[in-house]
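When reading the values below, keep in mind they use all heavy atoms of this one structure, side chains included, and skip hydrogens, waters and symmetry mates.
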Amino acid sequence: MRYFNLFSSVFITKGASRVLISDLERNVSELQSLDLYNLTEDLKLNSIEDVIKEYDRDSGEIINEYIDFLLAQEYGFISHNDWDNSFIPLSFDYNSADVINNLFLELDNFSVLHKIRCAMDTIDIRYLVIYSIRQLSKEELEEIDFIFENTSLEGIEIYCPYHDEMNDAFISGLSDQSRRIYKLVLYNCDNITFSTNENLKFSLEYTKDHITIKSCGIVDLKYFNTNNTKIFESKNYNSCLFKKIGIDIEGNIKNCPLMPDHFGNIRNTSLEKVLEMAGFKKYWNLTKDHIAICKDCEFRYICTDCRAFTEKTHQNEDGLDTSKPLKCGYDPYTGEWSDWSTNPLKEKAMKYYYFKINK
């Protein structure tokens with residue numbers, strides 16, 4: 001008798017119409033039919049021969065084709081009767097030593113940065129994401145990096161408008177001086193004055209588009225990410241808000257700068273105090289498995305959630321918004337994508353958030 005053994009590093013997520021096979025060794029995912037999922041479930045308990053017996057001749061040929069596919073993709077291997085399956089099942093436990101993994105700041109003035117720096121004497125913050133509506137000079141960008149010298153902060157990601165002073169000397173000089181900036185995104189880039197430099201210490205991205213803070217929350221295949229950390233976190237916690245703090249342009253401390261609830265102001269409230277407040281962590285444990293429609297989606301563990309902009313159709317018994325993200329155009333029941341902004345069923349929610357319809 002032959003048995004098919006799926007490698008423990010191969011993770012299959014069942015959706016309403018398809019499955020997503022994620023290879024956690026190679027950090028890649030691919031879509032397959034529900035039939036493949038049903039087959040792998042049968043093969044966990046039965047031999048290949050016994051599974052084939054349950055189907056007619058034509059189906060048996062299809063089963064063999066599926067098994068050949070699984071072998072060709074190196075998702076598993078075939079063993080015989082004497083095989084002692086000693087694979088240890090993959091643990092999906094997720095533990096993070098960081099008090100705050102990510103702080104998202106809508107930058108107004110640098111005094112807020114100094115407040116955050118002071119907070120880091122007592123709490124660990126791993127990454128800082130800064131969105132600025134005003135142009136930043138080279139000296140200001142270097143100061144942002146310098147403020148967090150000798151702290152636990154591992155990296156800084158900055159979004160700011162492009163300006164003509166951002167030439168090769170500007171970019172390369174910033175790269176030489178920075179220690180924590182790992183990503184710089186420039187928007188409103190009509191005519192850039194710098195060339196692409198592959199030797200920069202940070203990732204440099206630029207776009208002609210005008211990025212606003214409301215640009216956040218878009219669900220798109222290009223943003224999906226297959227890796228152990230992402231999947232393990234998504235299975236246990238909210239993939240956007242877990243261990244996250246947001247500070248808006250007014251200094252209000254929130255789960256996300258775009259969410260309505262706030263828990264004091266950075267000017268007179270410490271981040272330590274906010275972390276102890278009832279309700280601040282209420283969304284941290286809300287996984288995609290408990291969000292309407294998302295719970296039936298095969299992409300739910302490689303997709304980032306958004307509680308700031310939702311369809312506002314569902315609420316759980318604890319009063320949490322469990323609606324599907326507004327800016328998602330995917331239908332897991334049909335397996336098709338559409339433009340979320342032109343969906344008439346989202347019109348009411350878009351008006352609530354002051355989005356322009358059909359834009």
Side-chain angles (χ1 to χ4, degrees), residues 102-109 112-113 116 127-136 156-163 183-190 205-225 238-242 244-263 265-266 280 282-283 286 288 291-294 303-314 320-330 337-359:
N102 183 291
L103 192 152
F104 193 111
L105 171 66
E106 191 178 6
L107 184 64
D108 181 16
N109 60 70
V112 176
L113 292 173
I116 295 171
Y127 296 106
L128 174 63
V129 180
I130 296 174
Y131 170 81
S132 175
I133 59 173
R134 67 177 180 85
Q135 297 174 351
L136 297 175
I156 303 173
E157 182 176 337
I158 301 175
Y159 295 76
C160 65
Y162 165 81
H163 53 84
K183 185 176 182 180
L184 178 62
V185 181
L186 307 176
Y187 59 90
N188 293 344
C189 295
D190 291 326
E205 299 180 12
Y206 54 92
T207 176
K208 293 181 179 180
D209 297 335
H210 175 65
I211 297 176
T212 71
I213 194 169
K214 284 190 175 184
S215 301
C216 190
I218 296 176
V219 176
D220 192 289
L221 283 170
K222 63 184 177 183
Y223 300 130
F224 291 175
N225 190 6
N238 187 271
S239 57
C240 180
L241 298 179
F242 178 61
K244 177 179 179 178
I245 286 183
I247 301 176
D248 70 13
I249 195 73
E250 302 296 331
N252 296 313
I253 304 171
K254 304 179 176 182
N255 295 123
C256 163
L258 291 164
M259 296 180 75
D261 295 342
H262 66 87
F263 303 84
N265 192 285
I266 190 65
F280 180 76
K282 62 184 178 181
Y283 278 107
L286 185 69
K288 286 280 196 177
I291 294 174
I293 301 178
C294 295
C303 171
T304 299
D305 187 41
C306 179
R307 294 297 89 200
F309 301 122
T310 75
E311 294 184 350
K312 301 191 73 65
T313 55
H314 292 75
L320 300 185
D321 185 351
T322 56
S323 310
K324 176 185 176 182
L326 177 66
K327 299 181 184 181
C328 177
Y330 181 65
W337 289 86
S338 61
D339 184 353
W340 67 269
S341 66
T342 60
N343 187 336
L345 298 178
K346 296 176 182 278
E347 182 172 339
K348 183 177 180 180
M350 284 190 279
K351 286 182 177 179
Y352 174 85
Y353 293 115
Y354 301 106
F355 284 110
K356 292 183 179 179
I357 308 301
N358 298 328
K359 183 176 181 180

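- The two atoms that bring Pro161 and Ser132 nearest to each other are CD-O, 3.4 Å, heavy atoms only.
- No donor-acceptor pair closer than 3.5 Å links the side chain of Lys312 to the backbone N or O of Ser323.
- Environment of NE2 in His163: crowded, with over 12 heavy atoms of neighbouring residues, nucleotides or ligands closer than 6.0 Å.
- Atoms CD1 and CD1, on Ile245 and Ile253 in that order, are 7.0 Å from each other to the nearest 0.5 Å.
- For the pair Tyr131/Thr212, a side-chain contact is recorded, criterion being any heavy-atom separation below 4.5 Å from C-beta on.
- Counting heavy atoms from C-beta on, the side chains of Leu128 and Leu113 come closer than 4.5 Å.
- Between Cys294 atom SG and His314 atom NE2 the span is 10.5 Å, to the nearest 0.5 Å.
- Taking CG from Asp108 and CZ from Arg134, the interatomic distance works out to 8.0 Å, rounded to the nearest 0.5 Å.
- Side chain of Thr310 to main chain of Arg307: no donor-acceptor pair is present (N/O by atom type, distance under 3.5 Å, no hydrogens or angles).
- Between the side chain of Lys327 and the main chain of Cys216, a donor-acceptor pair closer than 3.5 Å is present.
- In this structure, Trp337 and Asp220 have side chains that are not in contact, with every pair of non-hydrogen atoms separated by 4.5 Å or more.
- No side-chain heavy atom of Glu311 sits less than 4.5 Å from a side-chain heavy atom of Pro325.
- Across Asn255 and Phe263, no two heavy atoms sit closer than the pair OD1-CE1, 4.0 Å.
- Nearest heavy atom pair, residue Tyr223 against residue Ile218, reads CD1-O, 3.6 Å.
- Atom CZ of Phe280 is separated from atom NZ of Lys254 by 12.0 Å, given to the nearest 0.5 angstrom.
- For the atom pair Leu186 CG and Ile211 CD1, the distance stands at 9.0 Å (nearest 0.5 Å).
- Taking each heavy atom of Ile213 and Pro257 in turn, the nearest pair found is CD1-CB, 3.8 Å.
- For the atom pair Thr313 OG1 and Leu326 CG, the distance stands at 10.0 Å (nearest 0.5 Å).
- Residue Cys189 comes nearest to Tyr162 through the heavy atom pair SG-CB, 3.3 Å, listed as atom of the first residue, atom of the second, then distance.
- At a threshold of 4.5 Å between non-hydrogen side-chain atoms, the residues Ile130 and Ile156 count as touching.
- Applying the side chain to side chain contact (heavy atoms under 4.5 Å, CB included) criterion to Asp209, with sequence neighbours excluded, gives Thr207.
- When all heavy atoms of Lys288 and Ser239 are compared, the closest pair comes out as CE-OG, 4.5 Å.
- Side-chain atoms of Asp248 do not come within 3.5 Å of backbone N or O of Glu106 as any donor-acceptor pair.
- Between Ile293 and Tyr330 the shortest side-chain heavy-atom distance does not fall below 4.5 Å.
- Looking only at distances, a side-chain donor or acceptor of Asn238 sits under 3.5 Å from a matching main-chain atom of Leu286.
- Of the possible donor and acceptor atoms, none in the side chain of Glu157 sits under 3.5 Å from a partner among the backbone N and O of Val129.
- Counting heavy atoms from C-beta outward, Phe224 and Cys303 have side chains that approach closer than 4.5 Å.
- Residues Met350 and Phe309 fail the side-chain proximity criterion, which asks for heavy atoms closer than 4.5 Å.
- Counting heavy atoms of neighbouring residues, nucleotides and ligands inside a 6.0 Å radius, atom NZ of Lys214 exceeds 12 of them.
- Under the side chain to side chain contact (heavy atoms under 4.5 Å, CB included) criterion, Cys256 pairs with Leu241, Leu258, Met259, Ala308, not counting sequence neighbours.
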